[in-house]
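Remarks on the structure that follows.
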Amino acid sequence: QVQLVESGGGLVQAGGALNLTCVGSGSTLSRWKMGWFRQAPGKEREFVAVISGRGALTYYADSVKGRFTISRDNAKETVYLQMTELNPEDTAVYYCAAELNDPWSQAHLASSYDLWGQGTQVTVSS
């Protein structure tokens, strides 16, 4: 089974940019669709973005569409989340996750994912 490790979180001012990285190991990453989720204190984990196994399809939450970009490099076993125009509402722990079998129509649901990374903190100051 693939293991996931996120990195790249930190503190950034409103309007700034930050890039997150998720590195997988232990399996063939191209078999998995990869998602990014986030969870703020006191709130449920929410969907951010997803990319299909070979990168042909992407889908974003309305709250981040036009500001965030998900991409992947399967040769490097890596998934990225490029974040721009950050605002304090983006403050959360960001998780990458892998999903193997569920249909694309369920890719926005955290319950559909099989494996999760440990999370990386993103804090946007106002």
Distance in Å, N19 CG paired with S71 OG, rounded so as to fall on 0.5 Å steps: 9.0 Å
Side-chain donor or acceptor of T78 paired with backbone N/O of K76 under 3.5 Å: yes
Rounded distance [0.5 Å steps], CH2 in W32 versus CD in E77: 13.0 Å
Residue pairs involving residues 5-18 (criterion salt bridge (charged side-chain N to carboxylate O under 4.0 Å, His left out); sequence neighbours excluded): none
With Q39 via side-chain hydrogen bond (donor to acceptor under 3.5 Å, both in side chains) - residues at least two apart: R45
Check: T91 side chain, T123 main-chain N or O, donor-acceptor pair, under 3.5 Å: no
hydrophobic_cluster_shared for M34 and V48, side chain cutoff 4.5 Å: yes
By side chain to side chain contact (heavy atoms under 4.5 Å, CB included) - contacts of P103 (at least two apart): S105, Q106
Whether over 12 other heavy atoms sit under 6.0 Å from E89 CD: no
Hydrophobic cluster membership, V122 vs L81, 4.5 Å side-chain cutoff: yes
Pair listing, ring pair (Phe, Tyr, Trp, His ring centres under 6.0 Å) test, anchored in residues 59-90, at least two apart: F47-Y59
Y94 vs M83, side-chain contact (heavy atoms from CB on, under 4.5 Å): CA-CA, chis, key distance, verdict: CA-CA 12 Å; Y94 283 70; M83 305 185 294; 3.9 Å; yes
Partners meeting salt bridge (Lys or Arg N to Asp or Glu O under 4.0 Å) with K65 (sequence neighbours left out): D62
Sub-4.5 Å side-chain heavy-atom contact between V50 and Y113: yes
Test side-chain contact (heavy atoms from CB on, under 4.5 Å) applied to C22 and V5, L4, T120, the passing residue: L4
Pairs touching residues 30-40 that satisfy salt bridge (charged side-chain N to carboxylate O under 4.0 Å, His left out), sequence neighbours left out: K33-E99, R38-E46, R38-D90
Donor-acceptor pair, side chain of R72 and main chain of G55, under 3.5 angstrom: no
Side chain N74, main chain G53, donor-acceptor under 3.5 Å: yes
From CA spacing to verdict: side-chain contact (heavy atoms from CB on, under 4.5 Å), V79, I70: CA-CA 7 Å; V79 180; I70 187 170; 4.2 Å; yes
L115-W36 co-clustered via ILVMFWY side chain contacts under 4.5 Å: yes
Connected via hydrophobic side-chain network under 4.5 Å: L86 and V64: yes
ILVMFWY network linking I51 to L29, side-chain heavy atoms under 4.5 angstrom: yes
